[in-house]
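In what follows, chains carry the letters A, B, and so on, assigned in the order in which the sequence lines appear, proteins first and then strands, with residues in each chain numbered from 1. Note: hydrogens, waters and symmetry copies are ignored here, and every other heavy atom, side chains too, is used.
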Amino acid sequence: MAQNVFAPWDDPTETPLIQFKGVTKRFGDFVAIDNLTQDIYAREFFALLGPSGCGKTTMMRMLAGFEAPSEGQILIAGTDMAHVPPNLRAVNMMFQSYALFPHLSVWDNIAFGLKRERHTKDAVSARVEEMLKLTRLEKFAKRKPHQISGGQRQRVALARSLAKAPKLLLLDEPLGALDKKLRQDTQFELMDIQEKTGTTFVIVTHDQEEAMTVASRVAVMDEGRIMQVSTPAQIYEAPNSVYVADFIGDVNIIEGTASPSVNGYEVRWAEGHAPLVAKASQVLREGQRISLAIRPEKVSISAEKPENSVNAIEGKIIDIAYLGNLSTYHVEVAGGIMVKAQTANTRRLSRRELTWEDKVWLNWTDTAAVVLEQ
Amino acid sequence: MKRMSWFNTVSITLGFVFLYLPMVILVVYSFNASKLVTVWAGFSTKWYVELMGNEAFLDAAWVTVKVAVLSSTLATVLGTMAAYVLVRAGRFHGRTLFSGMIYAPLVMPEVITGLSLLLLFIGIGLDRGIFTIILAHTTFAMCYVSVVVSSRLVSFDRALEEAALDLGCTQFQAFRLVTLPIIAPAVISGWLLAFTLSLDDLVIASFTAGPSATTLPIKIFSAVRLGVSPEINALSTIMIGIVTVGVISASLISKRASLRQQAEEQAAVRT
């Protein structure tokens, strides 16, 4: 890429906008956030991704000021936020339910936050017009929230939360209520608006595709802890645990024992079968138990045994999932392990040569698999 | 329209007769020319004219209206506050006790409420009059208001208040600008309920009223003990009229509001 790569997290001179320092949040006996430390930088589009109950919403509500940490500190722009109430934070939130005020028009909803500050009438209306334009809602300014569609409501909520030009915008599952097509369009719109306004966005989502699309960095969470924080590509290509690999996208996990060899490591995975070959970034002990994580699209499937392939295993097609542009083959290999192989449907369906119960060969390169220690 | 079966017709007729025959008789006899309540002697409005000249009744009516307006307004403020705390404060120490104590006066016999208030007023040396009636009516009406308002607050989306805070409101601004306008219909019906309760209360008022102030129900009750006069019939007819007009206009207003909302929603769907 020719343009400057946006990566403030790699720059030691950058000071983070948001700092979580050893933050723990308990609700009674339940630990929602477990001693979490994390930096988020200005202008980032930071995604908190995880299953429900992983603590991602709690993190966001602590940033907004609706919850206080039980232990630890949260700093925004270097200031400890412990005793700053929500109305005095330069942070705005877009709620999952949108929380539009039903008794106010679209215009008044957007103006609501501005009217709480000391602005002249003209300044307020100029800013509202600007927001209406940004979110393409000019025509609906006089309508009430119940008189517009779901997608329009979502844009009103966004305009309202952006109107005060916050340092930080929190988005709680912002696209959850939209259908898939509209969601995809809106994702790009969000990224566009984030770039135009230069606001730092923190988004909470359980939709991994959404997080991958919009975010500059993704934090994968589980049980109150952040499992991995990285760019979407890194998270996908180099997950640091089986949990992350499994949560992001589809993955095949093959367990085995590693032993060093000339080209990386040999992994014995099944009795009487040739070991698999994989490169690892870390150093492994002889006989260490490891998991190989291989993405289905990196597994090739063929009827004949491929030549010169380092990893080739034989199996039988159990199932085929036809997705239109792609097909996923579920292949049973030695030891009853299911391996998924995904191929692009470059030919018409009628000309597909592989079918159920066929004996096939699966192969992948020595760099395709990620070695995960257990 | 489908014709009703004879069974349904009979049930409906009996039901309405049972409910309204006493009132119809009262209204009819209020236009009786005879002084004897049970003898019909032709149509006349003289009892209404006479009523207008009866200072005692007019005074009592004025007291009743003042008491009803003031006590229902006070009860609405207090009841709404209580409901807000009950629904919003979450689990605080003694929450169950607090909510139980708010609802207890609903099932408390009026005689006991009246008697205990009477003892209190005597105890603290408060002279009984219009002020004590207002206090007493506020006390029992606020429970009803709090029940009506809290049932609305339970279904109120908390995120709306959080959004208001997030956009820079203080707690009080959030309540005034967002919560109150949205729950306003429940608050208004709470007020109407309190107003009606105060208007027709006899028991509590008779415990807490003093010689300086008497409400209309007390006046009617004591007048009737000396014999039913056509004047009382006329007065009651006027009260029925006022209540009927109030109820009909309230339901018309709410029906128009819901119709308008429906129309707006349909307009939104079309565009």
Side-chain angles (χ1 to χ4, degrees), chain A residues 27-28 57 60-61 63-67 85-106 108-119 139-140 142-150 152-153 156-157 159-164 166 168-170 172, chain B residues 80 84 87-93 95-96 149 151-189 253-271:
Chain A
F27 294 105
T57 302
M60 169 162 288
R61 291 178 60 83
L63 281 173
F66 299 133
E67 307 283 354
N87 52 322
L88 299 179
R89 296 185 182 205
V91 174
N92 284 130
M93 181 156 168
M94 188 181 149
F95 290 80
Q96 184 171 11
S97 59
Y98 306 149
L100 298 179
F101 305 129
H103 59 299
L104 299 178
S105 68
V106 167
D108 285 323
N109 263 283
I110 298 173
F112 190 87
L114 297 166
K115 285 182 180 169
R116 304 282 82 74
E117 295 171 336
R118 292 179 198 288
H119 292 300
K139 277 194 289 181
F140 307 102
K142 289 206 182 74
R143 299 261 187 103
K144 291 274 181 70
H146 68 262
Q147 297 167 314
I148 55 179
S149 72
Q152 288 158 354
R153 264 176 236 165
V156 177
R160 188 180 68 178
S161 53
L162 278 171
K164 293 180 81 173
L168 172 63
L169 182 71
L170 306 169
D172 187 5
Chain B
T80 305
Y84 194 77
V87 176
R88 279 289 177 271
R91 314 206 145 271
F92 60 89
H93 212 67
R95 183 185 193 280
T96 322
V149 174
S151 68
R152 174 66 187 90
L153 275 174
V154 166
S155 64
F156 183 86
D157 184 6
R158 189 84 199 260
L160 289 171
E161 260 168 41
E162 288 182 343
L165 293 177
D166 188 64
L167 291 166
C169 283
T170 60
Q171 290 273 355
F172 180 68
Q173 283 177 322
F175 178 77
R176 188 170 57 89
L177 296 170
V178 173
T179 313
L180 196 55
I182 296 172
I183 64 165
V187 174
I188 291 169
S189 53
I253 288 167
S254 75
K255 194 171 178 184
R256 259 232 305 268
S258 76
L259 277 177
R260 195 172 51 218
Q261 178 154 344
Q262 263 177 18
E264 280 176 354
E265 266 164 38
Q266 278 164 3
V269 169
R270 272 199 300 274
T271 46

### Task
Determine the option with the most heavy-atom pairs under 4.5 angstrom with chain A, choosing from B:V178, B:I182, B:D157.
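Of the options given, most contacts go to B:V178.
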What's the separation between atom [atom1] in [X] and atom [atom2] in [Y], rounded to the nearest 0.5 Å?
{"X": "B:E162", "Y": "A:M93", "atom1": "CD", "atom2": "CE", "value": "7.0 Å"}
{"X": "B:L167", "Y": "A:I110", "atom1": "CG", "atom2": "CD1", "value": "11.0 Å"}
{"X": "A:K115", "Y": "B:L177", "atom1": "NZ", "atom2": "CG", "value": "9.5 Å"}
{"X": "B:R158", "Y": "A:F95", "atom1": "CZ", "atom2": "CZ", "value": "11.0 Å"}
{"X": "B:T179", "Y": "A:F101", "atom1": "OG1", "atom2": "CZ", "value": "9.0 Å"}

Which atoms of [X] approach chain A - backbone, side chain, both or neither, heavy atom under 4.5 Å:
{"X": "B:D166", "answer": "both"}
{"X": "B:A164", "answer": "both"}
{"X": "B:Q171", "answer": "neither"}

### Query
Which answer fits A:L100, side chain, backbone, both or neither, if we ask what part of it has an atom under 4.5 Å from a heavy atom of chain B?
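For A:L100, the backbone is the part near chain B, not the side chain.
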#### Entry: Residue A:R160 versus chain B: region with a heavy atom under 4.5 Å
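For A:R160, the contact with chain B is made by backbone and side chain together.
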### Query
What are the two closest non-hydrogen atoms of A:R116 and B:G168, and how far apart are they?
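It is CB-O, 4.0 Å.
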### Closest approach of A:A99 to B:A159 (non-hydrogen atoms, all atoms of both residues)
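Looks like CB-O, 3.7 Å.
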